[in-house]
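First up is the structure itself, then whatever we jot down about it.
Since we're looking at a predicted model, the values are computed, not measured. Computed from heavy atoms alone, side chains included, the values below leave out hydrogens, waters and symmetry copies. Just so we're on the same page: letters track the sequence lines, and every chain starts at 1.
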Amino acid sequence: MVAGGLPFKNTLIIIAGPTAVGKTSVSIDVAAHFGTEIISADSRQFYRGLTIGTAAPSELQLSKVKHHFTGNLQPNEYFNVSQFEHKVIDLLKDLFKTHRVVVMSGGSGLYIKAVCEGIDEMPDIDKGLRYELTSIYQKEGLPSLRKMLFELDPVYAGRVDLANPTRIIRALEVTMQTGKPYSSHLKSAGAGRDFNIIKIALNLPREELHLRISHRVDQMIEQGLIDEARAFYHLRHLNSLKTVGYKELFDYFDGKIPLDEAVEKIKTNTRRYARRQITWFKKDKEYNWMPPQSKTVITFLEESLGNPLT
RNA sequence: GGUAUCGUAGCUCAGUAGGUAGAGCAACGGACUGAAAAUCCGUGUGUCGCUGGUUCGAUUCCGGCCGAUACCA
């Protein structure tokens, strides 16, 4: 346990890492050890009902440690990083009244970053605007969008990935909505936080991680992922269901691919997702990498928290 | 046991009229400020089964061996 009365600042412990590495159980051990609660930073576990496919914490696990931001949204509810940032900061204010440390665990890098550093304020965008831009993209292709971007925000056009329609549409919708170039909204000033942050990234040798992914997907199927996905089939157009483990099964339901191929694709796409996560976390040099062993993580944290410099 | 075919990247296969080889998938690396489990960009990673022979040079041609498959016994 943390020695009482030590004058360290309130601390947010972040436990990140690729999917299937074992974040959930380590986080629960860590939170239990420090007698605190867990904030989930997982952009798919927010949604109620996506339990098997997102490997959401089990009833038993939830009964051990209180979790926030798991199953708190309906699949059709709109939610974004900025909302997450504000809600988490509010929640932390509350939690730090009674806890010296709080654990945030998850694999959504952008969401974690927003909590650590803040994200620039931008107005909400009219739904119609994105729809309009998307249909321009579909009808005329990427060149038209690029042309618009070069006219409306040459600065951003100079640094954005011009092959990525999502990025360009986002920049255009903000620019058109606000009348000011998207790039002028990007200040990346970095929100000052009045709590310490300790970042931990869990990882395993790649081969081992792939084995875990394969086993976990097989388990999900055994646990009834197919039925779970079928129950959300009618919502397949929603962003929340554009998710590994569901989209592949929707293709199976549509008769596009056989079941065994869908399962293989879930595994492949999960591996790729894990790789992207590792790439993201590697870029942030503040992460302390370690194996997914609760003991190792807790020992590291005890030392870090005991050090007044942290 | 005999005959035939095959053996090339992690997998499925292409190819070299003899000058050490390339596709798809997988994998790997990267980007990414309200779609982020999304979206996008990049990269061939190889004892051409083993071993002799012919040749300036063999993955390629010839012999032997090993392995796989099919058919005949």
Is the backbone of A:Phe300 close enough, under 3.5 Å, to the side chain of A:Glu303 for a donor and an acceptor to pair up by distance? no
Nearest-Å distance once atom P is located in both B:G7 and B:G15: 10 Å
Expressed as a whole number of angstroms, how long is the span from A:Ile169:CD1 to B:G34:P? 12 Å
Please tell me if A:Arg276 has a side-chain N or O lying less than 4.0 Å from either OP1 or OP2 of B:A38. yes
If the cut-off is 4.0 Å, is A:Lys282 near the phosphate of B:G30, judged by side-chain N/O to OP1 or OP2? yes
Can you tell me how far C1' in B:G22 sits from the matching atom in B:C66, rounded to whole Å? 28 Å
Remember a base hit wins even if backbone is also touched, and classify A:Tyr182 as base, sugar-phosphate or nothing at under 4.0 Å, heavy atoms. sugar-phosphate
Pairing annotation in dot-bracket form, given for RNA chain B with Watson-Crick or G-U pairs under 3.5 Å and | for cross-strand partners: (((((((..((((.....[..)))).(((((.......))))).....(((((..]....)))))))))))).
Base, sugar-phosphate or nothing for A:Lys265? Non-hydrogen atoms, less than 4.0 Å. nothing
Any base atoms under 4.0 Å from A:Arg271, or only sugar-phosphate, or nothing? Heavy atoms, all strands. sugar-phosphate
Enter the distance from A:Thr19:OG1 to A:Arg212:CZ here, rounded to the nearest 0.5 Å. 10.0 Å
From A:Ile278 CD1 over to A:Asn203 CG, what is the distance, rounded to the nearest 0.5 angstrom? 4.5 Å
Does A:Arg167 make a side-chain donor-acceptor contact with the base of B:A38, cut-off 3.5 Å? yes
Options B:G34, B:U33, B:U39, nucleotide nearest the side-chain atoms of A:Leu186: B:U33
Measure from OH on A:Tyr47 to C1' on B:A35 and round the result to the nearest Å. 10 Å
Quick check: closest heavy atoms across A:Ser27 and A:Ser105, and the distance to 0.1 Å? OG-OG, 2.8 Å
Answer yes or no: is there a donor N or O on one side and an acceptor on the other, between the side chain of A:Ser214 and the main chain of A:His210, under 3.5 Å? no
Can the positive tip of A:Arg236 be found less than 6.0 Å from the middle of the six-membered ring of A:Tyr233, inside 45° of the ring normal? yes
Could you check whether A:Tyr111 and A:Phe46 have their ring centres less than 6.0 Å apart? yes
C1' gap between B:U20 and B:U59, integer Å: 7 Å
Using the side-chain heavy atoms of A:Tyr111, tell me which of these nucleotides is nearest: B:A36, B:G34, B:A38. B:A36
C1' atom, B:A58 versus B:C50: distance in rounded Å? 15 Å
Spacing of OH belonging to A:Tyr182 relative to CZ belonging to A:Arg170, to within rounding of 0.5 Å: 5.5 Å
For B:G10 and A:His210 - does any side-chain N or O of the residue sit under 4.0 Å from the phosphate oxygens OP1/OP2? no
In whole Å, measure the gap between the C1' atoms of B:U45 and B:A9 for me. 7 Å
Tell me what A:Glu261 touches on the nucleic acid: a base, only sugar-phosphate, or nothing, going by heavy atoms under 4.0 Å. nothing
A:Thr268 near the nucleic acid: base, sugar-phosphate alone, or nothing, with a heavy-atom cut-off under 4.0 Å? sugar-phosphate
If the cut-off is 4.0 Å, is A:Lys283 near the phosphate of B:C32, judged by side-chain N/O to OP1 or OP2? yes
With a 4.0 Å cut-off on heavy atoms, is A:Arg206 in touch with a base, just the backbone sugar-phosphate, or nothing at all? sugar-phosphate
Between B:A31 and B:A68, how far is it from one P atom to the other, in whole Å? 47 Å
A:Asn239 vs A:His185, nearer the 5' end of RNA chain B by closest nucleotide: A:His185
By nearest-heavy-atom nucleotide on RNA chain B, the more 5' of A:Ile119 and A:Thr243 is A:Ile119
B:C48 versus B:G10 - spacing of their P atoms, nearest Å: 11 Å
Is the distance from the ring center of A:Phe79 to that of A:Tyr47 below 6.0 Å? no
Here's a test for you: under side-chain hydrogen bond (donor to acceptor under 3.5 Å, both in side chains), which of A:Gln277, A:Arg271, A:Arg275, A:Arg276 qualifies with A:Tyr273? A:Gln277
Winner on side-chain proximity to A:Lys242, out of B:G34, B:A35, B:C40, is B:A35
So what does A:Gly109 hit on the nucleic acid, given a heavy-atom distance under 4.0 Å: a base, only sugar-phosphate, or nothing? nothing
Note: contacts of residues 124-159 of chain A with RNA chain B (heavy atom, under 4.0 Å) are A:Arg130
Syn-anti status, with the boundary at 90° from 0, for the nucleotide B:G63: anti
For A:Leu235 and B:A35, what is the distance between atoms CG and P respectively, to the nearest whole Å? 19 Å
Contact class for A:Ser108 vs. all strands (heavy atom < 4.0 Å): base, sugar-phosphate, or nothing? sugar-phosphate
Checking contacts here: which listed nucleotide (B:G34, B:C40, B:A36) is nearest the side-chain heavy atoms of A:Asp161? B:C40
Apply side-chain hydrogen bond (donor to acceptor under 3.5 Å, both in side chains) to A:Glu286 and list each qualifying residue two or more places apart in sequence or on a separate chain. A:Lys199
Closer than 4.0 Å, any side-chain N/O of A:Arg275 to the OP1 or OP2 of B:C28? yes
B:G30 C1' sits how many Å from A:Gln277 CD, rounded? 16 Å
What nucleic acid atoms does A:His86 come within less than 4.0 Å of, heavy atoms only: base, sugar-phosphate, or nothing? nothing
Should A:Val174 and A:Val155 be counted in the same cluster of Ile, Leu, Val, Met, Phe, Trp and Tyr side chains packed under 4.5 Å apart? no
Considering only the C1' atoms, how many Å lie between B:G44 and B:A26, rounded to the nearest integer? 13 Å
